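Here's the structure we're looking at; comments come further down.
A, B, ... follow the sequence lines: proteins, then strands. Residue 1 opens every chain. Not measured: the values here are computed from a predicted model.
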Number of protein chains: 2
Amino acid sequence: MVRGRRDAAPVLWHRKHDHRRCFEDALARAVSLCRRCGARLTAIRRRVLEVVWQGHRPLGAYEILETLRAERAGVAPPTVYRALDFLLGHGLVHRIESLNAFVGCSDPGSSHGGQFLICRTCGTAAELNDRRIALAIEGCSSESGFHVHHATIEVSGLCPNCQQSDAKVANA
Amino acid sequence: MVRGRRDAAPVLWHRKHDHRRCFEDALARAVSLCRRCGARLTAIRRRVLEVVWQGHRPLGAYEILETLRAERAGVAPPTVYRALDFLLGHGLVHRIESLNAFVGCSDPGSSHGGQFLICRTCGTAAELNDRRIALAIEGCSSESGFHVHHATIEVSGLCPNCQQSDAKVANA
DNA sequence: CACGAATTGATATGTTATAACATTGCTCAT
DNA sequence: ATGAGCAATGTTATAACATATCAATTCGTG
């Protein structure tokens with residue numbers, strides 16, 4: 001449970017990153033993952049996944065809804081929530097509890113709780129998946145006799161870019 | 001930031017625990033803490049704190065509201081939310097993001113993010129405050145150049161009691 | 001093609017949280 | 001004492017997030 005796989009996370013802010021590329025990769029992985037397990041990545045589900053990925057920050061369900069409504073009439077909240085449930089169930093997106101928002105999973109296919117660094121200035125969220133954190137939590141929990149099912153880890157703070165911006169403002 | 005102070009957490013489930021006593025202690029600490037920093041622990045705020053502590057599991061704002069309404073007429077949501085904001089601001093309660101609920105802080109006065117073990121069967125939440133977890137998160141974050149402000153850590157699973165109950169059911 | 005199951009549409013409603021402004025009541029300088 | 005200033009609370013309305021329910025449609029399969 002709560003298996004971390006990478007120690008060095010490919011954090012969003014480390015380098016300029018090709019948004020289109022990362023999004024297309026995610027979509028391709030989703031398609032192949034669904035094909036393998038016989039799940040139906042229908043048009044709506046696929047579109048919701050695209051919208052979530054293109055936002056590249058956690059999006060609220062009603063933000064997604066607005067985007068869909070601009071494309072086709074008559075989309076209602078249940079449509080979005082059902083698509084999100086599907087995507088959550090297949091590990092293609094994560095829910096950010098502290099924001100009531102959703103974000104694409106950067107490592108679908110591997111079973112893992114999400115670990116997120118969320119910038120409270122620019123709103124971007126980087127998915128971390130660090131074994132040390134998972135192990136620390138698993139360790140403490142089992143010392144208390146607690147059996148872990150899922151760990152929600154959401155760290156709020158300042159991303160590197162926004163720290164710089166802050167400094168500039170302070171110096172001005 | 002996110003300083004853990006104890007390594008061995010006094011987890012709720014370790015022993016039978018005197019509910020009245022723990023609640024009275026919490027209230028006494030709150031009173032003295034507010035006196036020291038000049039904050040006004042008014043009747044409403046105090047009552048909300050009592051209700052939250054007596055629940056001894058995370059309570060939703062509207063659950064608290066119902067309790068208050070049974071005692072005095074005309075209490076509305078803002079009343080509860082304002083009291084909760086005050087209590088959150090002074091570190092007397094924590095918000096559980098994954099439940100949209102509130103729980104008394106077992107260690108007010110020390111600055112700390114909350115770490116919670118939440119049983120998905122009985123609903124109780126035990127506050128942990130483990131340095132190892134805090135350090136792991138601080139470490140990973142700073143490796144990514146991220147400056148931590150607040151860490152939300154909410155672990156869902158089975159408490160010792162409910163693991164036993166499950167086993168009994170399975171054997172029956 | 002017809003069947004059953006999964007998906008989506010449509011409407012209504014439940015749940016959580018805050019905005020906005022009026023009122024009360026306390027403190028403190030005069 | 002007294003009233004200006006401010007913090008707290010009351011009151012109403014509404015925003016934001018989420019789900020229940022049932023009808024209609026679509027899709028894969030025999």
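For L59(B) and dA17(C), the CG to P distance is 13 Å, given to the nearest whole Å. Rounded to whole Å, the distance from CG on L99(A) to P on dA17(C) is 13 Å. The CZ-P distance, from R82(A) to dC17(D), rounds to 19 Å in whole Å. As a whole-Å value, the separation of I64(B) CD1 from dT16(C) C1' is 12 Å. Atom CG of L88(B) is separated from atom C1' of dT18(C) by 15 Å (rounded to the nearest Å). Atom pair R47(A):CZ and dG9(C):C1' shows a separation of 19 Å (rounding to whole Å applied). A straight line from CZ of R46(B) to P of dT9(D) spans 14 Å, rounded to a whole angstrom. Summarising the geometry, the separation between CZ on R35(A) and P on dG28(D) is reported as 13 Å, rounded to the nearest angstrom.
With salt bridges taken as basic N to acidic carboxylate O contacts below 4.0 Å, one links E63(B) and R57(B). Using a 4.0 Å cut-off between a side-chain N of Lys or Arg and a carboxylate O of Asp or Glu, R69(B) and E71(B) do not qualify as a salt bridge. Looking at R47(B) and E50(B), a side-chain N of the basic residue comes within less than 4.0 Å of a carboxylate O on the acidic one, giving a salt bridge.
Residues F146(A) and V155(B) approach most closely at CZ-O, 3.7 Å, considering heavy atoms.
Each of dA18(D), dT7(C), dG9(C) was ranked by its minimum atom distance to the side chain of I44(A); first place goes to dG9(C). Distance from the side chain of R45(B) is smallest for dT9(D) among the nucleotides dA6(C), dT9(D), dT11(C). Residue A61(A) has its side chain nearest to dA18(D) when only dT7(C), dA18(D), dA17(C) are considered. Out of dA18(D), dA8(D), dA17(C), the shortest distance to the side chain of Y62(B) is found at dA17(C).
No hydrogens or angles considered: a donor-acceptor pair under 3.5 Å links the side chains of E127(B) and S106(B).
In terms of phosphate contacts, R95(A) brings a side-chain nitrogen or oxygen within less than 4.0 Å of OP1 or OP2 of dA18(D). For N100(A), no side-chain nitrogen or oxygen approaches OP1 or OP2 of dT16(C) to under 4.0 Å. At least one side-chain nitrogen or oxygen of T79(A) sits closer than 4.0 Å to the OP1 or OP2 atom of dG9(C).
Comparing A73(A) and E63(B) against DNA chain C, the residue whose closest nucleotide sits nearer the 5' end is A73(A). Comparing A101(A) and A76(B) by the nucleotide of DNA chain D that holds the closest heavy atom to each, the one mapping nearer the 5' end is A76(B).
Residue R40(A) is classed as a sugar-phosphate contact, given heavy-atom separations below 4.0 Å to backbone atoms only.
Ring-to-base geometry does not place Y81(A) in a stacked arrangement with dT19(D) (centre distance under 5.5 Å, plane angle under 30° required).
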